[in-house]
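Read the structure below first, then the notes.
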There are 4 protein chains.
Amino acid sequence: MKVGILGASGYTGLELLRILLRHPHFEVAAVTSEQQAGRPLGEAFPSLRGHTDLRLEALAPAALAGRVELAFTALPHAASSPAVHALREADVPVVDLSADFRLRDLATYETWYGRHAAPDHLAEAVYGLPELHREALRRTRLAAAPGCYPTSALLPLAPLLRAGLVEQSGIHIDSKSGVSGAGRKLEAGYLFAELDGNCHAYKAGFAHRHAPEIEQEATRAAGSPVRVSFVPHLLPTVRGIATSVYLRPKPGATAAQARAALESAYAAERFVRVLPEGELPSLQSVRGSNFCDVAFVEDARNDTWILLSTLDNLCKGASGQAVQCANLMCGFPEESGLLGAGWMP
Amino acid sequence: MKVGILGASGYTGLELLRILLRHPHFEVAAVTSEQQAGRPLGEAFPSLRGHTDLRLEALAPAALAGRVELAFTALPHAASSPAVHALREADVPVVDLSADFRLRDLATYETWYGRHAAPDHLAEAVYGLPELHREALRRTRLAAAPGCYPTSALLPLAPLLRAGLVEQSGIHIDSKSGVSGAGRKLEAGYLFAELDGNCHAYKAGFAHRHAPEIEQEATRAAGSPVRVSFVPHLLPTVRGIATSVYLRPKPGATAAQARAALESAYAAERFVRVLPEGELPSLQSVRGSNFCDVAFVEDARNDTWILLSTLDNLCKGASGQAVQCANLMCGFPEESGLLGAGWMP
Amino acid sequence: MKVGILGASGYTGLELLRILLRHPHFEVAAVTSEQQAGRPLGEAFPSLRGHTDLRLEALAPAALAGRVELAFTALPHAASSPAVHALREADVPVVDLSADFRLRDLATYETWYGRHAAPDHLAEAVYGLPELHREALRRTRLAAAPGCYPTSALLPLAPLLRAGLVEQSGIHIDSKSGVSGAGRKLEAGYLFAELDGNCHAYKAGFAHRHAPEIEQEATRAAGSPVRVSFVPHLLPTVRGIATSVYLRPKPGATAAQARAALESAYAAERFVRVLPEGELPSLQSVRGSNFCDVAFVEDARNDTWILLSTLDNLCKGASGQAVQCANLMCGFPEESGLLGAGWMP
Amino acid sequence: MKVGILGASGYTGLELLRILLRHPHFEVAAVTSEQQAGRPLGEAFPSLRGHTDLRLEALAPAALAGRVELAFTALPHAASSPAVHALREADVPVVDLSADFRLRDLATYETWYGRHAAPDHLAEAVYGLPELHREALRRTRLAAAPGCYPTSALLPLAPLLRAGLVEQSGIHIDSKSGVSGAGRKLEAGYLFAELDGNCHAYKAGFAHRHAPEIEQEATRAAGSPVRVSFVPHLLPTVRGIATSVYLRPKPGATAAQARAALESAYAAERFVRVLPEGELPSLQSVRGSNFCDVAFVEDARNDTWILLSTLDNLCKGASGQAVQCANLMCGFPEESGLLGAGWMP
């Protein structure tokens, strides 16, 4: 099946290419990049030299309709929705990696991101976290691949909320992300000399755009409003997110119930590994893979439960998950193209 | 004033040397190392070549009594207390960088560290956090320099506890530390190939030895028991700790009160910088310096306050703070030898 | 075809597993590790959890004969040759990743590595650089996968020597390697805190064991003795080797001839990319892949030619190349299992 | 003595501040920055918060004349020479960290850098390598602080050239530099995600602007023309340069003579450490210090001598050396403010 990648020259675009160039069912037939239109992929991105004869082309979503049977849009938010609109008008199924179709409430979107260019498509969009919305993803033509931080928080959190085991306010989420999550932005803060040996929080409290996304999906899992505080950090590394979620158990809820909820939620899942008691997740175990590792820790003295998770922000946190969605939408085995082991060391 | 460093070949020992070789009032007169006794310092540690003619010698605490007027013990816990005992018997003032005299309760010590070799000296030991115990430090002959994590948690936390503004249970402390905190341990987990690009939690909940130390001092600041959960992480960097503390305000307490408590606590302090609203601390701003940066963030929606701090684990988190204690014990200006700016970039 | 990996718990063993677990023609049927015998692979190496049910077993080469049709030996030198001997006695084809069968001259081997335990097999061993010895590899039952440094030096150098374009003495090779090349050695010099931000030469001149290996194969390519000086460095990164080779052209030899020699040597090669004039290789373009990038630079003013190459030391410099050899030995397409694009970013 | 720093917001400017804020004889009285004029230093650069009340001001070199007794210009090349001109017209002594006054030949300058804005001052400029030009520096009012790469190459090389021990052509210089050498340039190639785990050569052969600078000073040391080829690399670290210089000894010259030449050249030097035989330099031993470590290695088999050096590109390679020059120009002890030990770990 021929697919296109719109915005192929960012880091999520490159990761899509890494996965799709070896995918058993998808063939990349078109790649776009505004800045590098006309250049062969292998020249623009030397790691791809010798892997493909594709050439980057200018963005023209409507024109792709006849050439691809599914499109991945890896464009910045706001730039993405018009492209998605054009593709959907031409009836091309889309997996959108931007934030434009993740928030179901238009007002919330516009509070955090500004005016929405294609609000009519919000209704058909399905939040692309297969472990939470698999059946809807099988049926949709527009998947909104989740943010990297929300994936890392929701996979551990959702089963406990769904089971009604934890208080729904006072949840504290502390995340640490590799720098590739910021994309290829030319800002001083992303220079090597500013980040190597550094680590710092940013947009702490409820100030990062992924915070309302986490609350939306946590609320859906719980069935009633959930409140989280969220502190993201930049790590001096390229790939990976490590997240800690601090929770208060509801009166009477036990750690055994919590473990059981996690284990039963993910027993049949290919890409979520609930670690045995005593083991904690690391970035190195998931780097380069589509896996999310999850651990549960109890501090009974302090009436606190802690969930720890790790994933690769570019893979399970972005492009791998987008391919997982596309596999579902197209009826292919969900894990197609995604079973490579992590990169260790 | 002549000083000695016992255990000079670990990372805190090297950092003591870096500071003390340029100190205006202390002169390093003896350095010990079990493994490298007999070698000139500049040969054992090439960064010190040309800076000193000192030679490492075998540990013989009692014999140092006539040669030094103050001793820094940078030995592992359990190995340190017999040396401290010998030095104190000879009436040499000591700044101990190990954990042996940090916990005031012998039973707690023995629960976490095993049998104590010199419990008789616990009573004279003062917890070496000058911002909390300055007057006692001026008068003591035995300072127990705090752990790196406790320093990073207590400096932001103590003023709010002292002011009675926050709930004393359900406190969540999420810390991220550079690898030098583990010292020069030869374990696979500290190899470059296992840590570069990696980040992981360890001893999560209430399992790290610094957790009871944090509770001890937090309880002293509050005047009644405090409960914390603590999740330390290893960062892929050498120096620095970034800590997030999640708190629930007491009913009626306001963010303005919290800020005022922090600002008044540290207005006259040389080494704690309370950042203006909107700025957050980073490792890069404190690396190589004796400063601790602190920020306060409110998430009123979720009834949550967040304290963020950064410091250099080897300097303000260990050797710099030890020198600060020694300056106080000897009546020198507290900041002597400690005013160098951080290393940026 | 069932294969075994002897010494699966080192970094080259892990990289073999990463490649072979997704290989279209090989199935890993046995993995050995002295230290971790009995443990499931996914427990010993969390990145492999969920990818395999294999369990590590103790080394017993002869017993593997009935269970595997080919063996990869990723054991330390000297430990490898007895295992290879046992496997070859049982007529199992072997790709050996150690140094034990790379040097054709027994005396040279024993000068650099000490006594050889299985010299009788030296004669049947083929140096496992497919671009130089493809036909011999198709016919052999024992391939000696080259060292990582020699691969990075020989791929650029061999075509110019073969073409007689450069002086055969006074060759200077300056290499920079990621730390994984040292394996999982527990030595202070490989700790994160000693290597992050560091870079240093070691065994400079003609003191590294890979130096005679380079001279052996350079001499074979030239047809008469070649002399090289070799300075390896450790880089503060995990994977990758960047090599500079400084050459003096023979009188009358032209840069155009040199480029033509490189381009014709590698025009049909899948894994060596000769870069267009003006482009230089980087580690990032080859990391995680089986590719070697090569560039040629002329400094006519100083009668100097410079070859620059990069490769991933664990992949094309070790395990990827070993699989390439195994593909040839078994008659599979040479690139089977090895076509994944590099990891960028 | 009051000094000013023009261009204080780049990395060499920050390093000047780190050194000068603790200097016993200089007091920083003015700091300029085009982009951040008006901001307090401690706000623009959080590592300096609490260390100074200085405020960045717009560049107005002539107006500084009455306020400072010496100026450091840390501006980009071409931007620097007009400022130097204005300062020199007002008779302010200047240490210029740009390239504008390093090359003595105007035509060479203009070939590599474009039109020179103040060629009249070339004649009074002294190349600011104290170990080579100490007496001239004591007498000059304009020092041109050397490039970082040239410092790392010339310190090991000059004594052997001066002693006539090595051939003056066919010299090969392979350098590896931390990223801070590029300054704070907002280019994709300097992003963390492009450099972490990466290493690559650039401007190889005789294409980097530091190459003619090396040849100029090497030629002065030798007394007749010297030819070098030069391959710089970027390392995935912030600070430090490691350089290898490959040389052919002249007929009859011995390694003992070479060692003696190095040792006698630097026996009385405070900042150049010739390492004992068998030891090799590392970045970690010099990071954060004004030291340059040098080692000599012979490969007699291949008629090759190798010099290895390391230094901190921002300190001995730029700002530390500039302060060393200023100390000489002002008659202060040459090592004033520069004796801090390196940062280890």
Side-chain angles (χ1 to χ4, degrees), chain A residues 10-12 14-15 17-22 24 41-43 45-52 178-180 183-184 196-197 236-239 266 269-276 279-291 293 310 312 314-315 335 337 339-345, chain C residues 10-12 14-15 17-22 24 41-43 45-52 178-180 183-184 196-197 236-239 266 269-276 279-291 293 310 312 314-315 335 337 339-345:
Chain A
Y11 294 146
T12 53
L14 279 170
E15 182 75 351
L17 281 163
R18 187 181 68 83
I19 297 167
L20 293 172
L21 289 174
R22 316 287 328 141
L41 258 185
E43 186 188 299
F45 306 110
S47 64
L48 298 180
R49 193 189 299 273
H51 291 283
T52 169
V179 180
S180 57
R184 244 174 187 162
D196 187 53
T237 188
V238 176
R239 283 176 178 249
Y266 297 121
E269 290 291 344
R270 194 70 183 83
F271 295 119
V272 182
R273 301 183 289 206
V274 179
L275 301 186
E279 292 194 33
L280 299 180
S282 75
L283 295 193
Q284 207 173 40
S285 299
V286 296
R287 186 172 49 189
S289 84
N290 200 50
F291 284 76
D293 281 358
T310 56
D312 183 323
L314 289 182
C315 196
E335 66 276 16
L339 285 177
W343 306 338
M344 165 63 205
Chain C
Y11 295 145
T12 53
L14 279 169
E15 182 74 351
L17 281 162
R18 188 182 68 82
I19 296 167
L20 293 172
L21 289 173
R22 316 287 327 140
L41 258 186
E43 189 188 299
F45 306 108
S47 64
L48 297 180
R49 193 189 299 275
H51 290 282
T52 170
V179 180
S180 58
R184 242 173 189 163
D196 187 53
T237 188
V238 176
R239 283 175 179 250
Y266 296 122
E269 289 291 344
R270 194 71 183 83
F271 294 119
V272 182
R273 301 184 290 207
V274 179
L275 302 187
E279 292 195 32
L280 299 180
S282 76
L283 295 193
Q284 207 174 40
S285 298
V286 296
R287 187 171 50 189
S289 84
N290 200 50
F291 284 77
D293 282 357
T310 57
D312 183 324
L314 289 181
C315 197
E335 67 275 16
L339 285 177
W343 305 338
M344 165 63 204

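This is a predicted model, so every value here is computed, not measured.
Only the side chain of C:V238 comes within contact range of chain A, with at least one heavy atom under 4.5 Å from a heavy atom of that chain. For C:Q284, the part sitting under 4.5 Å from any heavy atom of chain A is the backbone (N, CA, C, O) and nothing else. Only the side chain of C:R270 comes within contact range of chain A, with heavy atoms under 4.5 Å apart. Using a 4.5 Å cut-off between heavy atoms, C:L314 contacts chain A through its side chain alone, with no backbone atom that close. Heavy-atom distances place both the backbone and the side chain of C:R49 under 4.5 Å from chain A. Proximity to chain A (any heavy atom under 4.5 Å) is restricted, for C:L275, to the side chain, taken from C-beta onward. Of the atoms belonging to A:L21, not a single heavy atom falls under 4.5 Å from chain C.
Chain C forms more heavy-atom pairs under 4.5 Å with one residue of A:R273, A:M344, A:E279 than with any other, namely A:R273. The choice from C:H51, C:R184, C:R287 that makes the most heavy-atom pairs within less than 4.5 Å of chain A is C:H51. Interface remark: of the candidates A:G288, A:S289, A:G340, A:G340 forms the most heavy-atom pairs closer than 4.5 Å to chain C.
In this structure, A:T310 OG1 and A:D293 CG are separated by 4.5 Å, a value rounded to the nearest 0.5 Å. Rounded to the nearest 0.5 angstrom, A:L17 CG and A:T52 OG1 are separated by 7.5 Å. Expressed to the nearest 0.5 Å, how far OG of C:S285 lies from CH2 of C:W343 amounts to 14.5 Å.
Here the closest heavy-atom approach between residue A:A341 and residue C:S47 is recorded as CB-O, 4.4 Å.
Between the side chain of A:T237 and the main chain of A:G178, no donor-acceptor pair closer than 3.5 Å is present.
Two residues are said to be in side-chain contact when any heavy atoms from C-beta on lie closer than 4.5 Å; C:L14 and C:R18 fail this criterion.
The aromatic rings of C:F291 and C:F271 sit perpendicular, their planes meeting at an angle over 60°, well past the 30° parallel limit.
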